[in-house]
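Report on the structure given below.
What you are looking at is a predicted structure, and each value in this text was computed from that prediction instead of being measured. Just so we're on the same page: letters track the sequence lines, and every chain starts at 1.
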Number of protein chains: 4
Amino acid sequence: MLDGFNPDIHKRLEAAVLEVFSQSDFHKASIRDVAKIAGVSFSTIYNHYGSKEGLLLAFVNIWLGKLTDRIIDHLQGIEDLKEKLRKVFWVQLDYYERYPGLGRILFMTLPMKTWMDDETFQQRKMIGLFLEVLRQGQEAGILNSNVRAGTLLDFISGFVQRTFTMWIVREEQESLTQQANLLFEMVWRALSNPECTCREK
Amino acid sequence: MLDGFNPDIHKRLEAAVLEVFSQSDFHKASIRDVAKIAGVSFSTIYNHYGSKEGLLLAFVNIWLGKLTDRIIDHLQGIEDLKEKLRKVFWVQLDYYERYPGLGRILFMTLPMKTWMDDETFQQRKMIGLFLEVLRQGQEAGILNSNVRAGTLLDFISGFVQRTFTMWIVREEQESLTQQANLLFEMVWRALSNPECTCREK
Amino acid sequence: MLDGFNPDIHKRLEAAVLEVFSQSDFHKASIRDVAKIAGVSFSTIYNHYGSKEGLLLAFVNIWLGKLTDRIIDHLQGIEDLKEKLRKVFWVQLDYYERYPGLGRILFMTLPMKTWMDDETFQQRKMIGLFLEVLRQGQEAGILNSNVRAGTLLDFISGFVQRTFTMWIVREEQESLTQQANLLFEMVWRALSNPECTCREK
Amino acid sequence: MLDGFNPDIHKRLEAAVLEVFSQSDFHKASIRDVAKIAGVSFSTIYNHYGSKEGLLLAFVNIWLGKLTDRIIDHLQGIEDLKEKLRKVFWVQLDYYERYPGLGRILFMTLPMKTWMDDETFQQRKMIGLFLEVLRQGQEAGILNSNVRAGTLLDFISGFVQRTFTMWIVREEQESLTQQANLLFEMVWRALSNPECTCREK
DNA sequence: CATGAATGAGGTTTCATTCAT
DNA sequence: GATGAATGAAACCTCATTCAT
């Protein structure tokens, strides 16, 4: 975010928000706990973020921004469409696996109604990035063009979300990234153009 | 469910719960509003459901039970695996489209942490039903057996959830069921055994 | 007040309000302290009185009502105007001396601006009572009729207030009622008709 | 006072304090508003006056000092006791009428408890001045000597305060000073020695 | 068993006041 | 010395939840 304030406080708040909101449902998480854990005055939080939701959304925005940056970074130098998508898929699983708190917040505690109304939700940059790639694939006849590019994206995102959620629910030990390739091949078959004669492997 | 009380009240409560919880985030929905709309004292709700979450979960359980019944009903007489899965996919979209309030609650307002800890979440009957079918498909060599049956289920469920959510977010007019077949073909390609020589259509 | 609730709680609250607000300036008195001392939940106070000011004003109203009743009671059977006024003067001093907390609140801590806008302030019953007596005196030629009856009342009230306040400030041990007659004679000379030939004693 | 700073700022602050504190109850008046209106940082106020109360008391002290000076000035050349008191009475009404903000603050918003503990409250100079005159009158047999001189002062002060307050409450248009003589005659009768054979006029 | 009063927790606001620059 | 960020306290407000009837 653009909250131009004490970077130290910002850091402590970030950790506290991650901790508190990833461990309880939104309505059970207390802003007073966040303040206490962060060692910040309760008022300071309000001065900066205005509300419980504002606080959470501000950090979610930051985190998603970082994920976007990471994806962009990793896409560098990859030409092949399939490899691009594989990378995108992998980076997401990898990111959420390394920051499960973020995954929990994103997929499990964020109050949806509010988030949807928030600018953050759109994550235009990331979405735009994805859609661009997917559209190119459709035009090139590689990806299924019977549906909108948005639908292809929904398939990937839905699966990422579900996979992460079940990973948490089932308390799986096995690494997400370890399964990434296996899972991606399935995704790829869903997305790729069924009429395409090009071989899958 | 087990709330042995006046079916009339039960009906009014059901409608009220659907209305209130589908329109706001969980923490913004007020049990007093539910009571008022249902024309019941909030204390009565407490006596029966114990808590706000208990109330919501009880009805979610009922609704999911009905969905399960509906799926079972619709599967009758279908032999072909693909058709079975297509049906399962379609019934879900159809159900959520007709009861968007339920979809909203299920995918957007339920406090996840609590739900996950609740028996309801497991939806053993429905899940068991699905897994059984999927496992048969894997054994028959029709479905991809490189991954657990649960993973196959994740594809379906994740896509249903995402599709519904984006349908709400984008305020799409177009019917969900109308797109069902097109979407299902993607799912099917993801699930089916890539080595299978059997034709797709 | 008409707060139809638990008389026990009401009693405890009354004592607590008297204690807390008579010992600090209004802005230093905490509603939480009142709640704690009264052994009542903080929320309960808000449910009933709406605000810190509402709480105080409600009790002030009650107390002044009792003072009024007491005055009315004491006036019974007195015919002579001077004796009536002497009584009115004495009852007030006596009342505030016995409930110095009330005097402190009334004359020293009540936020004036708010009080003045409040129905309480007008104390219509008591004021009406006084004015009636004073007007009769003016018409009978006993009291000075060069000024409005309200001005005559100002002499009495102003002197009562100031006398009480200085009694507190000077931490005088001497009883207020003991001085009442001496003081009243001053008031009487101020109010009585200077042209009147009637003897003072 | 002792605030050795920029006379311009001092002037702006004085006006701001008068405006803000005369229009709301003390607890509703905000020091930030004062700062804003005066065009000063609120911290600067703190550096100089230490607290909200300190700020108000400092100015009240200044204002009362000016009133005292004015009274002293006006008493010059008056020998007759009655005329002296008449003057004192008149100057006060005149001053508060011209600076109603001061009257409001003094009689209606100042937190009493704090003020009473403050050196300012004693207003030793003014009080001493009055008491001296009153005592002389008592010794000369002109004023009632059945009560302490302080009591005589209480009578005057109480009436001034009450008169001003009711003038505000009743939103009277009529000038205070215009009624001053009529009112003073009543005061004089209250104060003067009842045994004195000297004529009243 | 249904009800509403009372409670306690915590979100939201506003401030006086303190602290570090 | 002047400033604004940060703090702490407390008013205010809404609720979920408990309790006594």
Nearest heavy-atom neighbours spanning R104(B) and I168(B): NH2-CG2, 3.6 Å

Please report, rounded to the nearest Å, how far the [atom2] atom of [N] is from the [atom1] atom of [X].
| X | N | atom1 | atom2 | answer |
| --- | --- | --- | --- | --- |
| Y49(A) | dT13(E) | OH | P | 17 Å |
| K52(C) | dC15(E) | NZ | C1' | 12 Å |
| H48(B) | dT17(F) | NE2 | C1' | 16 Å |
| L55(C) | dC12(F) | CG | C1' | 14 Å |
| I45(A) | dT13(E) | CD1 | P | 15 Å |

Gap separating the NZ atom of K66(B) from the CG atom of N61(B), nearest 0.5 angstrom: 11.5 Å

Spacing of Y49(D) atom OH and L56(D) atom CG [to the nearest 0.5 Å]: 11.5 Å

Salt bridge E53(A)-K113(A), side-chain N to carboxylate O under 4.0 Å: no

Sidechain-backbone polar pair: [X] side chain, [Y] backbone, donor-acceptor under 3.5 Å:
| X | Y | answer |
| --- | --- | --- |
| T165(C) | Q161(C) | yes |
| D25(B) | T114(A) | yes |
| K52(D) | A29(D) | yes |
| T44(A) | V40(A) | no |
| S24(C) | F21(C) | no |

Stems involving DNA chain E, each a run of at least 3 consecutive Watson-Crick or G-U pairs under 3.5 Å: E:2-21 with F:2-21

Audit row: F26(A), F26(B), ring pair (Phe, Tyr, Trp, His ring centres under 6.0 Å) steps and yes/no: CA-CA 9 Å; F26(A) 183 79; F26(B) 182 79; over 10 Å; no

Neighbours of DNA chain E within residues 18-38 of chain A, by heavy-atom distance under 4.0 Å: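 Those residues are A29(A), S30(A), I31(A), R32(A).
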
Please produce a list of atom pairs where a protein N or O lies less than 3.5 Å from an N or O of nucleotides 18-21 of chain E.
none

Of the listed nucleotides dA2(F), dT17(F), dA2(E), the one nearest the side chain of T44(B): dA2(E)

For D8(D), the option from R12(D), H10(D), K11(D) that meets side chain to side chain donor-acceptor pair (under 3.5 Å): R12(D)

